[in-house]
Amino acid sequence: MTHRAALTAPVSVFSLSVLLSAVAVAQDMPAAPPPTPDELAFSVQNMDPSASPRTDFYRYASGTWQDRVQRPEQLPMYSIFDIMGERQKAVMKGVLAGLGAGAATAPKGSPEQQVGTLYNAYMDIAARDAAGMAPLQPQLEAIAAIQSMDDLARYLGTARATTSTPPALLDLRPDVGLEDSFRWVVMVAAGRFGVPFDDILAEPPEAPRRAGYTTYLTQVLQVAGYAPDEAARLGTLASGIESALQKGKLTPVEANDPAMINNPVSLAQMQALTPEINLQLYLDAIGIPQPGELVLTEPRYFPVLSQVLRDYSLQDIKDYLTVLTITGYSSILSTGFDEPTRAWAAVLTG
């Protein structure tokens, strides 16, 4: 049995919002029960003294734990980090359930009322299934309304400021300076992809993980109401666009080099790298005044983005944004999206 941290899905819009808010409003966090030896990284009761520490220290230190504790079927790996996570989730569930029970009588507009109402809405599976894609229609209509590259720039900025979908294509945001943490700067980063690991996009389309990603996108779009052929076309298109963009990303080693990610540029210099997108319109949509300086964290990405915007039509880009929006919110829409998500996780984890 392998005892390592399990791969987790990206944090959903719901879980991030609720967990942060719940922590803020929970004055008296309920205490978790004392851990048993099954839940401890080390306990004398978990040792196997019959094993020789010279030949198999792992068995000596945790042999009876390995014999006694079974890996949950839904996890590819199991370790103390999973156990800690489960304990924390149990505590948070108690907090959220309590807030949900009191939401109707909590002062309107209070954190307790807002978080409790959100929790109750998320847990109302029948209502979510009945609503289907309706909650997402305003955002999908905003994408459909894009008629020009200037419209695209405005949409990207507005979506960055007002939604919880991952920033698509590019990401301009205020952040603390890399050299001076007392100074705020505008960071310019690559957009985020729909895969947890960028290297998947560097694999050939027929590779198991890359093909699994395209299949996942296709299945999600079918749940969203697209015909099978159109869902397959859109899934292949989105995977292809991301694969092209991935070629401009820093490697993981490069991304951890401060010298590689700290590239001060002017707005004019940044604009010259990707002339197709009016960055001032993007900033205006977010509400950021014209910055004197930006910090570019992906020095190779933006010329590649520029090429992608020339190679693909505006309709292709709109289709890609639609795919990202649906997958980004699928975890809080109907339960029909659960099975494609489970199957995609199985591709990633085995």
Side-chain angles (χ1 to χ4, degrees), residues 9-18 20-21 114 117-118 121-122 124-125 127-173 189-195 216-227 230-231 233-235 237-239 241-242 245 277-279 281-288 305 308-309 312-338 340-341 344:
V11 176
S12 71
V13 178
F14 165 80
S15 61
L16 181 61
S17 302
V18 169
L20 292 178
S21 301
Q114 293 182 64
T117 300
L118 179 58
Y122 180 77
D124 190 346
I125 301 300
R128 286 169 53 198
D129 286 346
M133 293 294 293
L136 208 53
Q137 281 307 123
Q139 199 164 334
L140 297 178
E141 290 169 2
I143 296 172
I146 297 171
Q147 297 297 320
S148 66
M149 295 304 290
D150 282 354
D151 286 347
L152 175 63
R154 294 187 189 96
Y155 169 80
L156 293 173
T158 300
R160 186 67 178 93
T162 61
T163 74
S164 297
T165 51
L169 300 179
L170 74 163
D171 183 16
L172 275 70
R173 67 182 187 276
R192 280 198 270 163
F193 304 139
V195 292
Y216 161 70
L217 296 178
T218 300
Q219 291 175 343
V220 165
L221 291 167
Q222 287 183 259
V223 174
Y226 288 84
E230 180 64 0
R233 183 189 72 81
L234 293 174
L237 172 70
S239 177
I241 288 175
E242 290 188 338
L245 291 172
I277 295 182
N278 188 320
L279 298 181
L281 293 178
Y282 185 108
L283 292 169
D284 290 344
I286 296 179
I288 298 177
L305 171 61
V308 166
L309 293 173
Y312 289 86
S313 69
L314 180 60
Q315 185 58 52
D316 287 339
I317 300 302
K318 291 167 60 176
D319 287 342
Y320 172 56
L321 296 177
T322 297
V323 173
L324 276 191
T325 299
I326 293 172
T327 56
Y329 280 100
S330 61
S331 65
I332 55 173
L333 293 170
S334 76
T335 54
F337 294 101
D338 291 351
T341 301
W344 172 225

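One-based numbering along the sequence shown. In this text the structure is predicted, and so the values were computed from the model without any measurement.
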Just jot down the salt bridge (charged side-chain N to carboxylate O under 4.0 Å, His left out) partners of Arg128, sequence neighbours excluded, or say none.
-> none
Would you give the length of the straight line joining atom OH of Tyr155 to atom CD1 of Ile143, rounded to the nearest 0.5 angstrom?
-> 3.5 Å
Tell me, do Ile288 and Tyr282 make a side-chain contact under 4.5 Å, heavy atoms counted?
-> no
Inter-residue atom distance Leu217.CG - Ile326.CD1, 0.5 Å rounding | 10.0 Å
What's the verdict on side-chain contact (heavy atoms from CB on, under 4.5 Å) for Ile317 and Ile146, showing C-alpha distance, side-chain angles and the deciding distance?
-> CA-CA 10 Å; Ile317 300 302; Ile146 297 171; over 6 Å; no
Output all residues satisfying salt bridge (charged side-chain N to carboxylate O under 4.0 Å, His left out) with Arg154, sequence neighbours left out; order by chain, then residue number.
-> Asp151
Output yes when a side-chain donor or acceptor of Thr327 lies under 3.5 Å from a complementary backbone atom of Leu324, and no otherwise.
-> yes
Would you say the side-chain atoms of Thr341 and Asp338 include a donor-acceptor pair closer than 3.5 Å?
-> no
Closest heavy-atom pair, Gly235 versus Leu221, reported as atoms and distance to 0.1 Å, is N-CD1, 3.9 Å
Return the minimal non-hydrogen interatomic distance between Arg160 and Leu172, and the atom names on each side.
-> CG-O, 4.2 Å
Inter-residue atom distance Met133.CE - Ser330.OG, 0.5 Å rounding = 9.0 Å
Please tell me if the side chains of Asn278 and Met149 come closer than 4.5 Å, counting only heavy atoms from C-beta onward.
-> no
Determine yes or no for a side-chain-to-main-chain donor-acceptor pair under 3.5 angstrom, with Tyr329 supplying the side chain and Ser164 the backbone.
-> yes
Residues Thr325 and Thr165: closest non-hydrogen pair is CA-CG2, 4.3 Å
Counterpart residues, salt bridge (charged side-chain N to carboxylate O under 4.0 Å, His left out), relative to Asp319 (two or more places apart) = Arg233
Heavy-atom closest pair, residues Ile241 and Tyr320 = CD1-CB, 3.7 Å
How close do Arg192 and Pro166 get, heavy atom to heavy atom, and via which atoms?
-> CB-CB, 4.0 Å
When rounded to the nearest 0.5 Å, the distance separating CD of Glu230 from CG of Leu237 is 9.5 Å
Can you tell me if Asp129 uses its side chain to pair, donor with acceptor, with the backbone of Thr335 under 3.5 Å?
-> yes
CG of Leu169 to CG of Leu152: how many Å apart, nearest 0.5 Å?
-> 6.5 Å
Which atom of Trp344 lies closest to which atom of Val195, heavy atoms considered | CZ2-CG1, 4.2 Å
Is a donor on one side and an acceptor on the other found under 3.5 Å between the side chain of Gln222 and the backbone of Ala231?
-> no
First locate atom CG of Leu245, then atom CZ of Phe193, and finally report the distance between them rounded to the nearest 0.5 Å.
-> 5.0 Å
